[in-house]
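A, B, ... follow the sequence lines: proteins, then strands. Residue 1 opens every chain.
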Amino acid sequence: MQEETLSPPEPPEQLDRVVIRFAGDSGDGMQLAGTRFTETSAAFGNDLATFPSFPAEIRAPQGTLAGVSSFQVHIADWDILTHGDQADVLVAMNPAALKANLREVVPGGLILANEDAFDDRNLEKAGYEKSPLSDGSLSGYHVLTAPMEKLTKIAVKDSGVTGRAVLRSKNFFALGLISWMFNRPTEPILDWVKKKFGEDNPVAKANLEAFRAGFNFGNTTEEFHHTFEVAPAKLPPGEYANITGNQALAWGLVAAARAAGLSLFLGSYPITPATSILEEIARLKHFDVKTFQAEDEIAGVGVALGAAFAGHLAVTTTSGPGVSLKGETLSLALMTELPLVLVDVQRAGPSTGLPTKVEQSDLMMALHGRHGEAPLPVLAPASPSDAFEVAREAARIAIKYMTPVILLSDGYLANGAEPWRIPDFDNLPDFDISFATEPNGPDGEFLPYMRNEETMARPWAIPGTPGLEHRVGGLEKEALTGNVSYDPDNHEFMTEQRAAKIAGIANDIPEAEAEGPDEAKLLVVSWGSTFGAVRAGVNNATVAGYPTAHLHLRYLNPLPRNLGEVLDSYQQILIPELNRGQLAAVLRAAYLVPTVSLSKVQGAPFMANEITKKIIDLIEDAS
Amino acid sequence: MQEETLSPPEPPEQLDRVVIRFAGDSGDGMQLAGTRFTETSAAFGNDLATFPSFPAEIRAPQGTLAGVSSFQVHIADWDILTHGDQADVLVAMNPAALKANLREVVPGGLILANEDAFDDRNLEKAGYEKSPLSDGSLSGYHVLTAPMEKLTKIAVKDSGVTGRAVLRSKNFFALGLISWMFNRPTEPILDWVKKKFGEDNPVAKANLEAFRAGFNFGNTTEEFHHTFEVAPAKLPPGEYANITGNQALAWGLVAAARAAGLSLFLGSYPITPATSILEEIARLKHFDVKTFQAEDEIAGVGVALGAAFAGHLAVTTTSGPGVSLKGETLSLALMTELPLVLVDVQRAGPSTGLPTKVEQSDLMMALHGRHGEAPLPVLAPASPSDAFEVAREAARIAIKYMTPVILLSDGYLANGAEPWRIPDFDNLPDFDISFATEPNGPDGEFLPYMRNEETMARPWAIPGTPGLEHRVGGLEKEALTGNVSYDPDNHEFMTEQRAAKIAGIANDIPEAEAEGPDEAKLLVVSWGSTFGAVRAGVNNATVAGYPTAHLHLRYLNPLPRNLGEVLDSYQQILIPELNRGQLAAVLRAAYLVPTVSLSKVQGAPFMANEITKKIIDLIEDAS
Amino acid sequence: MTTTDTRYTRADFQSGQEVRWCPGCGDYTILASVQNFLAELDVDREKHVFVSGIGCASRFPYYMNTYGMHSIHGRAPAIATGVALANPDLTVWVITGDGDGLSIGGNHLIHALRRNVNLKILLFNNQIYGLTKGQYSPTSELGKRTKTSPAGSVDYPFNPVSLALGAEATFVARTIDMDRPHTTEMLRAAYEHRGTAFIEIYQNCNVFNDKAFQLLTGRQERDANRIYLHPGEPIVFGADNEMGITVGLDGAKIVKVADVGMDSIAVHDPAKPNPGVSFLLSRLSHGPTGPTPIGIFRQVQRETYGDLMNAQIEAAKERNANASISELVSQHGTWKVE
Amino acid sequence: MTTTDTRYTRADFQSGQEVRWCPGCGDYTILASVQNFLAELDVDREKHVFVSGIGCASRFPYYMNTYGMHSIHGRAPAIATGVALANPDLTVWVITGDGDGLSIGGNHLIHALRRNVNLKILLFNNQIYGLTKGQYSPTSELGKRTKTSPAGSVDYPFNPVSLALGAEATFVARTIDMDRPHTTEMLRAAYEHRGTAFIEIYQNCNVFNDKAFQLLTGRQERDANRIYLHPGEPIVFGADNEMGITVGLDGAKIVKVADVGMDSIAVHDPAKPNPGVSFLLSRLSHGPTGPTPIGIFRQVQRETYGDLMNAQIEAAKERNANASISELVSQHGTWKVE
Ligand SMILES: Cc1ncc(C[n+]2csc(CCOP(=O)(O)OP(=O)(O)O)c2C)c(N)n1
Ligand SMILES: Cc1ncc(C[n+]2csc(CCOP(=O)(O)OP(=O)(O)O)c2C)c(N)n1
Ligand code: SF4
Ligand code: SF4
Ligand SMILES: [Mg+2]
Ligand SMILES: [Mg+2]
């Protein structure tokens with residue numbers, strides 16, 4: 001086979017990490033190129049993190065800034081935490097891609113441009129008066145160009161692909177060139193193409209040839225003489241898969257249903273960036289899961305609640321605007337004390353906001369977005385792979401405590417990927433769940449609101465069980481019997497019981513543990529998807545001589561039972577959030593501790609250096 | 001006319017205040033009796049406060065506890081604040097009414113029972129084994145009985161009313177008896193009956209005769225020899241009307257529209273206890289108001305938003321579950337920066353909860369019940385009459401700042417009545433409102449998101465205005481142009497601008513001012529309908545030697561600009577709320593002040609003595 | 001009807017909760033009809049689930065000694081869909097009102113109908129909002145004066161049967177609270193229908209909208225106004241069946257049988273695949289203000305949502321027996337770190 | 001069509017915002033039709049308001065140089081109702097999609113139709129969720145494979161025309177993006193209709209559901225499949241008008257004209273007070289999978305909600321001229337404290 005000959009001539013320079021960003025028009029296949037590069041790097045053994053970014057339109061006009069799509073991947077020989085603040089290498093398939101991404105490239109970084117696309121028309125569409133490739137404006141960068149389109153055309157001429165479709169393979173040309181440059185194993189990519197399209201398919205052939213042409217172009221062109229290598233990371237031993245946050249949620253929910261011995265029921269209505277959870281689970285019918293694309297978000301949570309009543313592990317997935325609609329039904333789930341997991345993949349708000357961009361601004365709504373006294377558990381995963389475990393945990397809590405649970409993911413986790421050490425499923429604990437089958441009351445009566453002494457959960461008695469016929473509903477329930485009760489004291493009692501049940505979950509979750517040097521006086525508290533950037537920022541600060549501790553919260557309600565103590569043991573508390581200080585308000589109200597907020601509301605994740613800078617400023621100011 | 005002869009023989013005992021509760025089956029006309037008693041007392045010049053309480057069912061089975069309806073009225077010769085913690089006089093039309101209300105009667109209080117209703121059947125329905133009128137169980141009270149049914153039958157025999165309808169007049173018998181006992185002017189009652197039913201109507205005759213019979217029964221029966229009088233209160237001079245909270249809101253909104261020179265548009269969906277606002281405004285078409293009974297709450301706020309876009313003063317009224325549904329549209333109103341008043345007449349939650357009962361548990365939802373960073377002004381009236389002014393104020397802020405505003409009333413204010421000194425409408429300030437008519441941009445362009453320098457409001461340019469055609473929507477808006485913008489910095493900028501606009505309203509509202517003796521070290525902070533009970537409780541504590549200050553908040557967001565200072569100047573802060581500490585959480589987060597919460601979640605208002613007791617406990621504990 | 005040869009009596013379906021509708025309310029009659037029917041039916045009590053929204057009618061589940069959920073306003077069809085799909089062995093009844101089901105809940109209702117989920121939907125139409133004390137509803141007649149329409153309603157009402165037919169319903173019927181045998185007949189047909197069965201029940205609210213159905217229930221009036229639809233029979237009515245219905249290019253029409261001859265009278269066939277004629281019949285009256293068809297308008301078989309869904313799941317399970325989570329998470333490739 | 005004798009050209013209705021649908025999307029064609037029609041119409045530009053929900057179609061208002069609101073998913077009919085009732089001088093257009101208008105927004109849509117608010121509702125039916133990248137919608141055919149229905153959809157679809165007729169619509173029409181003259185004709189009829197006008201527009205989504213309407217738009221197929229409805233004319237179609245429609249007890253049927261004779265072919269009359277026959281016509285196809293009627297199904301006059309509402313307000317104002325707030329608050333009696 002030809003592949004074996006594709007290897008660079010001189011020994012590559014060793015790097016410990018590199019951040020590469022593929023950018024082009026949304027029709028240019030950049031997500032595909034990025035994903036393939038990621039997969040081959042993963043197979044090679046690097047640690048990695050990715051950050052795909054899509055245009056908001058389905059198909060924005062070709063060649064314009066609005067149409068730029070990019071995929072950033074950070075690969076390293078150590079355990080990395082973020083997708084990289086800035087790119088070391090930018091692949092720019094056209095002028096718009098260059099313009100839109102230039103500010104994300106490190107000074108002195110490498111720009112690899114498809115020179116064929118820098119014609120007058122495209123330059124004008126991107127708003128360039130002259131070509132940046134020649135007007136000296138890129139002098140702060142290392143610029144390499146390749147006539148990718150011309151070479152692609154030549155390469156694929158015998159593939160059987162003809163006409164405009166020929167140019168579709170140019171992403172493989174770019175991928176080949178970058179693969180050569182970074183000394184990637186080629187088999188995973190070549191194999192994938194063959195498997196995906198079928199070995200003899202013209203498209204497969206075109207892509208393979210374009211890839212080889214790119215690879216060889218690097219090999220043979222003088223300009224590209226220098227190559228790099230990022231060695232495999234020393235990750236904990238185990239089997240790894242690449243996983244995005246939404247995949248992790250989907251799989252985690254399916255795994256949770258297995259662990260509980262229940263069927264999964266997902267009632268949902270499509271909404272960016274949550275839709276792919278529904279799409280993934282819809283494919284998993286062989287796991288005995290039911291997915292229901294409802295007429296709206298209210299029906300989505302409604303069918304889920306009905307399925308919960310009937311004994312399924314019920315889930316509803318959505319994003320911010322959908323949560324705004326589900327509040328009333330969530331309140332009913334809370335009153336009927338039925339288990340239900342609501343996944344909110346947060347996006348930038350308010351209203352329609354920036355639907356494809358990340359934000360953490362639904363925390364307050366998760367905690368308070370319902371009428372009446374309506375406390376619920378709220379959890380948030382820290383990373384794509386953590387989402388698997390958090391999905392299981394949300395389901396565990398929902399079932400054990402007979403309560404709706406809110407899981408707050410976000411648009412950054414949804415699409416970002418990272419290597420995930422696949423757990424040993426046989427050794428993951430199953431959930432202990434039992435439906436009521438017998439009357440529990442004194443006279444052989446069934447008391448649907450008689451609580452478990454430890455958990456305060458009521459029994460789950462599902463329709464079809466003889467002898468346990470009972471009615472639930474949204475009017476205040478009488479303790480024990482669950483009958484409608486207008487008694488004032490009963491209402492207060494039940495309100496307190498509902499609150500105490502949720503508060504009591506604090507005893508069933510880990511204590512808060514800050515990580516960092518003993519001498520740290522500043523504690524950074526974070527939650528959700530900012531974990532990686534915050535941890536990296538904290539580490540960098542500590543390394544730079546500003547010892548700092550980090551506490552990441554997975555549980556937002558109830559909070560860990562020792563959290564007050566932990567907070568009290570630091571002099572300064574910094575809370576970076578992709579909102580205007582929502583967790584900060586929660587912690588201030590709960591513990592009366594002064595906090596400093598670092599807010600970012602730009603539809604984009606934190607960069608580690610933003611965190612580091614703020615830490616250094618705070619420590620300098622305090623001393 | 002016969003009326004003049006109806007006057008008691010001996011001089012009445014003077015009281016400064018008395019609390020009377022009429023209680024009976026929901027078919028017994030107790031609300032009517034109470035309201036008539038209230039009106040005649042108002043006309044007489046007493047200050048007063050009322051508290052009607054209905055069964056939750058439309059028609060609960062007759063004679064049962066569930067069917068009891070009551071109306072409490074507190075009359076005094078001074079400026080009173082509450083409907084009275086406990087009743088001095090209980091009129092009990094049947095055993096269930098006695099049983100359900102006994103715990104609300106002061107020890108030694110007077111019970112006036114309709115002895116005819118204490119038969120075996122009714123006793124059993126109420127769950128009495130023996131008659132409490134004869135078994136000695138009421139020995140701690142002063143019990144008087146009257147054969148109200150028998151005497152009513154006799155009294156109305158010539159009225160033309162026959163059959164079972166005869167007994168319908170027994171509430172007028174009770175009213176007559178109580179009116180005699182408390183030396184009320186009878187004309188207002190008699191006139192009302194004649195006007196309501198028509199003088200010659202058999203029902204009018206029956207009621208009049210029953211009333212006279214009751215009055216005369218007091219006059220002639222030895223047992224009832226003693227009468228009382230509560231002198232007129234020394235209220236500030238002016239013209240007074242009795243007003244309930246929902247009336248006040250309805251009228252205040254109509255008045256606001258007048259003041260703004262706009263048509264009022266109310267989009268609403270019926271829900272207890274908010275419905276009567278819609279019902280009242282629906283009657284006021286001659287004020288050029290449009291009411292729209294929508295298909296649901298979402299449509300209710302949707303039509304209102306459309307009307308706001310088209311230049312009306314737009315309002316939507318609802319209660320808790322409805323607010324849970326309106327969040328998404330509210331978020332759009334906020335993004336499009338259009339004026340809208342949302343009235344939430346809070347009831348006990350969560351879910352359907354106790355729909356006819358009071359609670360203050362929607363504060364957090366009002367502040368946070370929407371996805372994204374979505375701050376809105378929130379106001380709450382302190383009393384039925386204050387609701388008129390707060391309705392105007394909510395509308396003023398909505399229009400001036402081009403923002404949705406949430407007004408939090410509750411089920412206690414909704415139906416409770418108090419005398420209201422009618423303002424001098426000619427001297428109430430009009431609102432300064434002007435629609436945009438001219439382009440405001442540099443090149444004769446119209447910039448729909450160019451802000452007023454002082455208020456930060458954007459211009460209100462209504463469809464139909466030539467030259468100002470523009471589009472609004474839920475996607476993030478570019479500053480000035482209002483075009484869709486995915487720019488990260490613009491999103492952050494606009495998020496900050498929206499927040500700053502709302503925060504800036506703090507400069508347009510009064511500073512917080514605590515009332516109470518200088519030496520007070522304890523401050524009680526309250527909001528909404530608890531005002532009266534809290535003020536009375538604070539006064540009582542002060543009088544009892546525990547000097548205490550009181551701060552009542554009408555503005556919950558933004559908070560008064562000096563609030564932090566005020567809170568800091570006290571050693572203890574007590575926050576009584578009909579929820580589990582929602583305002584407390586807000587103040588703690590905002591000002592890091594320790595607070596003590598007094599929570600009550602019983603679907604019932606505070607009693608003044610509950611406040612007093614807590615104050616005394618706190619002060620004792622602290623010393 | 002006697003229930004001696006079944007396990008159950010009506011009492012077995014009565015829950016302990018005191019029934020709290022207004023005395024004289026039509027809801028009592030319907031409750032009795034349903035309880036008696038279930039007793040006769042002799043299906044395990046625990047297999048019945050009643051899901052309702054909010055309204056007077058929606059208190060119904062509390063009074064049934066079966067499983068039940070008194071949910072929130074308008075959402076019962078969605079919640080019931082979840083119950084029915086989760087467990088196909090259950091018989092899931094939806095109890096709703098004209099406000100609950102057609103105002104706030106209209107969307108869930110029409111979607112349940114088109115999906116043909118296995119639900120039995122009983123819509124108690126009293127043409128008023130009862131629980132909130134008397135506002136007009138989406139079935140109240142134009143001009144109706146209520147507290148929220150003091151000058152008369154300007155909302156043109158729905159015809160629930162037409163709406164259901166327009167929404168692809170497979171079973172649509174109408175009955176009257178007071179006509180207990182007919183109610184029972186409709187309940188049975190609905191029960192036996194696989195798919196969504198929709199029954200509009202005219203229900204008198206004697207407190208806020210008394211006598212709305214007088215023409216159909218009054219001794220004097222009813223014979224002249226109840227048009228019973230019997231499958232396979234010509235559609236005639238009147239004390240002596242002297243009136244009949246023809247169907248033609250101008251829709252369905254009321255005629256004197258004598259004028260046109262019995263042969264011209266339409267023979268009722270609710271099983272027609274095309275709902276067109278059922279729709280024509282629904283237009284004979286736009287509310288109970290004249291002769292009004294009572295009975296089954298449409299009754300056709302179409303695969304239910306649940307059956308189709310379960311078939312897909314079973315097929316997937318067969319293709320992929322013993323699917324494991326490990327395989328699932330490994331499907332896009334894995335690598336080993338030693 | 002030329003616009004020289006009007007004030008406006010198409011350009012006057014083009015906003016500065018760059019149009020961002022996928023190249024080849026049917027939305028472009030509809031946009032052009034609407035802009036041209038408004039230019040021809042010669043009504044003050046500021047009198048038009050476009051209100052939409054969320055979806056590809058719903059981006060429409062941004063491209064119109066008129067007043068507009070790109071609102072939230074499904075709520076456009078409600079918001080537009082507020083605009084129309086607040087100011088009857090405006091022409092309020094609702095732009096919605098099959099997801100926006102029939103899934104999440106179904107309830108607002110049917111209520112707007114029954115109320116007969118003065119709205120012009122254009123439902124762009126591409127039988128898919130475009131904006132969220134290709135999930136099935138309430139008009140997608142049974143068995144359709146999409147990302148959320150990988151084994152084929154089990155959701156029986158709505159027929160939007162039937163649904164609208166079942167919801168008491170006064171004006172219901174259907175047209176096709178590619179047929180611009182017909183689209184214009186429908187727009188004009190809708191504009192001239194006082195009340196809610198509903199137009200279903202078949203719109204090709206060439207990215208996620210390409211060729212869904214091929215039978216009606218393909219050169220080869222279209223003649224055989226477009227059944228144009230012309231008021232007052234017999235309903236015939238086919239290259240040589242060789243096919244026709246009869247209406248009878250079994251619904252509407254497609255026949256060869258030669259087989260039955262022209263006299264048996266139904267003459268189209270959208271103005272029939274009874275919507276029955278319109279409904280029958282709507283059942284000729286349950287989606288564009290065969291011969292499909294195009295044109296106005298129903299067009300009748302019924303007083304609009306707004307007109308009735310305003311009449312009540314005017315009457316009240318007349319009865320109560322110079323109503324003052326002081327009177328209002330004093331109506332239940334007042335007393336003086338000196
Ligand atoms: C979200 C919400 N909105 C409004 C209400 C108030 N509400 C309760 S029942 C009802 C209407 C009931 O009418 P209908 O469905 O006809 O039932 P009926 O009482 O006539 O049987 C309304 C508006 C509510 N409980 N929840
Ligand atoms: C409350 C809410 N739910 C879901 C979405 C996501 N969403 C946006 S458009 C859309 C469907 C669009 O389909 P359709 O109305 O047919 O419009 P098209 O894009 O096909 O023109 C969905 C589900 C949203 N924006 N808001
Ligand atoms: S209000 Fe009407 S519907 Fe409700 S219980 Fe009473 S009579 Fe029945
Ligand atoms: S996704 Fe489809 S409907 Fe949306 S713009 Fe593209 S082609 Fe048009
Ligand atoms: Mg009703
Ligand atoms: Mg669509």
Under 4.5 Å to a heavy atom of chain A? For B:Thr356 that would be neither

When every non-hydrogen atom of B:His491 is compared with those of A:Gly603, the smallest separation belongs to CD2-N, 3.9 Å

Ranking B:Gly327, B:Ser324, B:Pro350 by heavy-atom pairs under 4.5 Å to chain A gives rank one to B:Pro350

Bottom line for A:Ala604: the part with an atom under 4.5 Å from chain B's heavy atoms is neither

Rounded to the nearest 0.5 angstrom, the OH-CZ distance for A:Tyr591 and B:Arg588 is 11.0 Å

_Between A:Gln582 and B:His368: side-chain donor-acceptor atoms closer than 3.5 Å_ = no

Whatever's closer than 4.5 Å to a heavy atom in chain B on A:Glu359 counts as side chain

(request) Classify the side-chain pair A:Gln346/B:His371 by whether it contains a donor and acceptor separated by less than 3.5 Å. (result) no

Under 4.5 Å to a heavy atom of chain B? For A:Leu330 that would be neither

Scored by heavy-atom pairs under 4.5 Å with chain B, the best of A:Gln360, A:Arg498, A:Arg347, A:Lys357 is A:Arg498

So, the part of A:Leu334 with a heavy atom under 4.5 Å from chain B: the answer is side chain

Taking B:Lys600 first and then A:Asp489, would you say they form a salt bridge - that is, a charged N and a carboxylate O separated by under 4.0 Å? no

With a 4.5 Å cut-off on side-chain heavy atoms, are B:Leu475 and A:Pro355 touching? yes

Honestly, the part of A:Ala590 sitting under 4.5 Å from a heavy atom of chain B is backbone

Under 4.5 Å to a heavy atom of chain B? For A:Ser319 that would be neither

Looking only at B:Ser331, B:Ala584, B:Gly369, B:Ala585, the option with the highest number of non-hydrogen pairs under 4.5 Å against chain A is B:Ser331

Between B:Ser351 and the options A:Glu328, A:Met335, A:Glu476, the side-chain contact (heavy atoms from CB on, under 4.5 Å) test singles out A:Met335

Pair count under 4.5 Å, heavy atoms only, with chain B: among A:Ser599, A:Gly349, A:Ala589, A:Pro594, highest is A:Ala589

Between B:Gly372 and A:Ser361 the two heavy atoms that sit nearest each other are CA-OG, 3.2 Å

Residues passing the side-chain hydrogen bond (donor to acceptor under 3.5 Å, both in side chains) test with A:Gln497, sequence neighbours excluded, are A:Arg451

Next on the checklist: What I'd like to find out is whether the side chain of A:Ile298 reaches to under 4.5 Å of the side chain of B:Leu325, using heavy atoms alone.
Outcome noted: yes

Looking only at B:Gly353, B:Gly320, B:Ala374, the option with the highest number of non-hydrogen pairs under 4.5 Å against chain A is B:Gly353

Ranking A:Arg370, A:Met365, A:Glu373 by heavy-atom pairs under 4.5 Å to chain B gives rank one to A:Glu373

Shortest non-hydrogen pair, A:Glu492 vs B:Val601, comes out as OE2-N, 2.8 Å

Answer key: most heavy-atom pairs under 4.5 Å with chain A among B:Thr329, B:Leu367, B:Asn579 is B:Asn579

Ranking B:Asn490, B:Leu363, B:Leu332 by heavy-atom pairs under 4.5 Å to chain A gives rank one to B:Leu332

Under 4.5 Å to a heavy atom of chain B? For A:Val586 that would be neither

With sequence neighbours left out, the residues meeting salt bridge (charged side-chain N to carboxylate O under 4.0 Å, His left out) with B:Asp487 are none

